[in-house]
Amino acid sequence: MDVVPVSLAGRSYDVTIKRGCVLDDFAHGASEYFESYRAKGAVKARKVPVVADTNTHLIFKAALEQSLASEGLAPDWFVVEPGEGAKSWAVLEQLTDWLLELGITRSDHVIALGGGVVGDLTGFACAVLKRGCEFIQIPTTLLAQVDSSVGGKTAINTRAGKNLIGAFHQPAAVFIDPMVLDTLPDREMRAGYAEVIKYALLGDAVFFDWLSDNGTKVLAREPDALAHAIATSIRAKAAIVAEDERETTGVRALLNLGHTFGHALEAETGFSDRLLHGEAVATGMVLAAQYSARRGDISQEDAKRASTAIGDAGLPANVASLGITCSGSALADHMRHDKKMEGGTLPFLLLKGIGQAYLARDVELADIAEFLGEQLGAQ
Ligand code: ADP
Ligand code: ZN
């Protein structure tokens with residue numbers, strides 16, 4: 001078992017990574033968070049609010065019910081449709097109304113059981129409910145396990161874009177059971193793996209080499225390899241978040257490696273199933289590596305190594321093969337509205353080497369447009 005502390009001033013919490021910590025003995029491991037439910041004499045006494053989507057509800061209902069029953073508790077379910085649509089004002093309103101009807105107090109812990117969508121929605125609901133109540137993350141996708149469940153970013157989407165309404169609100173605890181990934185579709189598994197490669201590329205060359213040798217095992221969900229990949233990723237994320245909780249010093253920005261390019265690709269494909277977030281980030285990291293090589297920050301060989309790692313994982317390494325028909329400048333235009341844009345330049349996460357990301361502040365968007373044009377034309 002690994003317990004990774006996320007050390008934040010006045011608000012530290014543990015990430016538990018252990019096979020079975022959710023499916024076998026969640027109620028036992030999380031027992032301390034259920035005190036308030038045990039103490040209540042209300043109608044809903046001994047009922048623990050759990051937010052899930054229809055898939056995670058169906059798959060994990062029995063296991064969670066059984067586990068909570070061992071502590072004399074039962075889940076009270078709030079189930080949303082799978083997909084980004086659940087991160088909306090409408091669903092947020094239903095969820096907060098439901099929680100208020102239950103009589104949730106600030107010391108009660110709400111459980112988020114699902115991928116990034118359920119985690120972001122539940123986290124944001126808990127951030128605003130009575131000016132902040134507690135929540136516990138049980139991430140069930142690889143992406144949520146290695147990235148979105150830790151760090152306290154919560155949000156919903158609006159017409160103007162993704163994650164534009166949100167808050168920093170840290171969970172009280174995160175329970176990661178690699179076993180829950182057994183049912184995750186392979187495509188979602190690969191998409192989450194892109195974020196694992198991200199930690200290696202941005203700051204850990206040793207991990208990059210390890211992934212080159214063991215990536216297939218991670219994707220095949222071999223217990224030891226999977227646990228190592230998750231724990232290494234979480235340790236990296238915890239260290240970055242502890243240093244820069246609210247993305248004010250530039251350290252947390254490192255986590256955006258591949259994301260500015262990736263966001264443009266997601267926008268161009270309409271944030272649809274055509275290109276999952278992790279897939280867009282994968283291609284985005286290859287583009288960041290290639291652009292770094294183009295300006296002479298890294299060798300072509302290193303750029304090739306990054307692209308091979310991504311291609312070998314079955315992720316889209318070549319932007320030209322995505323079937324995007326727009327021009328380089330149309331793609332770059334999606335970056336123009338980025339919050340960080342200043343004058344004609346945009347701070348960009350680039351590579352000085354494998355395992356050495358840095359924030360370049362001199363990147364002209366016009367040059368990015370030209371580069372993207374070259375890449376879109378290259379087969
Ligand atoms: P992400 O974590 O990548 O943001 P989502 O929350 O959108 O992703 O989840 C991706 C999809 O995977 C959803 O359809 C969700 O219901 C499904 N899902 C989540 N966890 C599991 C699991 N452990 N097994 C099977 N499907 C899952
Ligand atoms: Zn991401």
Side-chain angles (χ1 to χ4, degrees), residues 19 21-23 26 50-64 79-88 91 111-124 137-151 153-157 162-163 166 174-199 201-202 221 226 230 233 236-237 240-241 247 252-267 271-273 275-285 288 310 315 349 357:
R19 271 189 104 66
C21 76
V22 171
L23 293 184
F26 172 66
V50 183
V51 184
D53 70 21
T54 53
N55 294 327
T56 58
H57 175 248
L58 189 71
I59 298 170
F60 304 116
K61 183 175 187 283
L64 202 72
V79 181
V80 302
E81 288 300 318
E84 289 287 324
K87 286 173 60 176
S88 68
V91 178
I111 295 174
L113 173 71
V117 165
V118 167
D120 281 8
L121 168 72
T122 310
F124 185 51
Q137 290 271 22
I138 304 183
T140 63
T141 62
L142 180 59
L143 191 134
Q145 292 194 343
V146 298
D147 198 9
S148 58
S149 66
V150 172
K153 279 194 177 176
T154 71
I156 57 169
N157 306 325
K162 273 181 74 175
N163 296 333
V174 183
F175 288 89
I176 297 181
D177 182 350
M179 230 155 48
V180 304
L181 302 179
D182 284 350
T183 50
L184 190 70
D186 287 343
R187 186 179 175 200
E188 297 286 351
M189 190 71 191
R190 286 193 296 271
Y193 185 73
E195 304 274 5
V196 174
I197 297 180
K198 178 185 80 177
Y199 294 109
L201 273 179
L202 75 84
R221 303 158 177 83
L226 185 54
I230 294 170
S233 301
K237 174 116 192 205
I240 290 170
V241 169
E247 208 163 321
R252 191 164 179 161
L254 290 174
L255 296 170
N256 294 333
L257 180 65
H259 280 63
T260 305
F261 284 119
H263 191 267
L265 297 171
E266 282 184 279
F271 293 98
S272 67
D273 285 354
L275 194 65
L276 299 177
H277 172 74
E279 294 167 342
V281 169
T283 313
M285 289 189 295
I310 283 156
L315 286 160
L349 258 299

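Counting starts at 1 for both ligands and their atoms, in listed order. We're numbering straight along the sequence, starting at 1.
- At a threshold of 4.0 Å, the pair Asp147-Lys153 does not count as salt-bridged, since none of the basic side-chain nitrogens sits closer than that to a carboxylate oxygen.
- Listed by number with element, the atoms of ligand 1 under 4.0 Å from a non-hydrogen atom of Phe60 are 23 (N).
- The protein non-hydrogen atom at the shortest distance from atom 20 (N) of ligand 1 is Thr140 OG1, 2.7 Å.
- In terms of protein heavy-atom proximity, atom 11 (C) of ligand 1 is nearest to Glu188 OE2, 3.7 Å.
- No side-chain donor-acceptor contact under 3.5 Å links Arg221 to the backbone of Met189.
- Closest to atom 18 (N) of ligand 1, if we only count protein heavy atoms, is Leu184 CD1, 4.0 Å.
- Considering both main-chain and side-chain atoms, Val118 never comes within under 3.5 Å of ligand 1 through any nitrogen or oxygen pair.
- The protein heavy-atom contact nearest to atom 7 (O) of ligand 1 is Val117 CG2, 3.4 Å.
- With Asn163 contributing its side chain and Ala155 its backbone, the two residues share no donor-acceptor pair below 3.5 Å.
- Checked by distance only, ligand 1 and Gly116 come closer than 3.5 Å through their nitrogen or oxygen atoms.
- When each atom of ligand 1 is checked for a heavy atom of Pro82 under 4.0 Å away, the hits are 14 (O), 16 (O).
- Considering backbone and side-chain N/O atoms, Val180 comes within less than 3.5 Å of an N/O atom of ligand 1.
- The residue from Thr141, Leu113, Asp177 that puts a heavy atom closest to atom 9 (O) of ligand 1 is Thr141.
- The backbone N or O of Arg252 sits nowhere less than 3.5 Å from a side-chain atom of Glu247 that would complete a donor-acceptor pair.
- Not one N/O/S atom of Asp147, from backbone or side chain, sits under 2.8 Å from the Zn ion (ligand 2).
- When the Zn ion (ligand 2) is compared with the N/O/S atoms of Glu195, atom OE2 turns out nearest.
- Of the heavy atoms in Asp53, only side-chain atoms (C-beta onward) come closer than 4.0 Å to ligand 1.
- With hydrogens and angles disregarded, no donor-acceptor distance shorter than 3.5 Å links the side chain of Lys87 to the backbone of Asp120.
- Angle NE2(His259) to the Zn ion (ligand 2) to NE2(His277): 100° [nearest 10 degrees].
- Heavy-atom separations between Leu181 and ligand 1 are all 4.0 Å or longer.
- When the shell of 6.0 Å around CG of Asp182 is examined, it contains more than 12 heavy atoms from other residues, nucleotides or ligands.
- The backbone and the side chain of Thr183 each have at least one atom closer than 4.0 Å to an atom of ligand 1 (non-hydrogen atoms only).
- When only non-hydrogen protein atoms are considered, atom 26 (N) of ligand 1 lies nearest to Pro185 CD, 3.8 Å.
- Looking only at side-chain heavy atoms (C-beta outward), Leu113 and Thr140 come within less than 4.5 Å of each other.
- The part of Thr56 lying near ligand 1 is the side chain, judged by heavy-atom distances below 4.0 Å.
- Taking NZ of Lys237 as the start and CG of Leu254 as the end, the distance is 12.0 Å to the nearest 0.5 Å.
- Side-chain atoms of Asp53 do not come within 3.5 Å of backbone N or O of Glu81 as any donor-acceptor pair.
- Remark: ligand 1 atoms within the under-4.0 Å shell around heavy atoms of Ile59 are 24 (N), 25 (C).
- The closest donor-acceptor contact from the side chain of Ser233 to the backbone of Val196 lies at 3.5 Å or more, if one exists at all.
- Heavy-atom contacts of Asn55 reach the following atoms of ligand 1: 14 (O), 15 (C), 16 (O) (cutoff under 4.0 Å).
- Of all the heavy atoms in Leu142 and Tyr193, the pair that sits closest is CD2-N, 3.5 Å.
- When atom types are taken as modelled, the side chain of His259 and the backbone of Leu257 share a donor-acceptor pair closer than 3.5 angstrom.
- Distance check: Glu84 CD to Leu121 CG gives 10.5 Å after rounding to the nearest 0.5 Å.
- When each atom of ligand 1 is checked for a heavy atom of Leu143 under 4.0 Å away, the hits are 3 (O).
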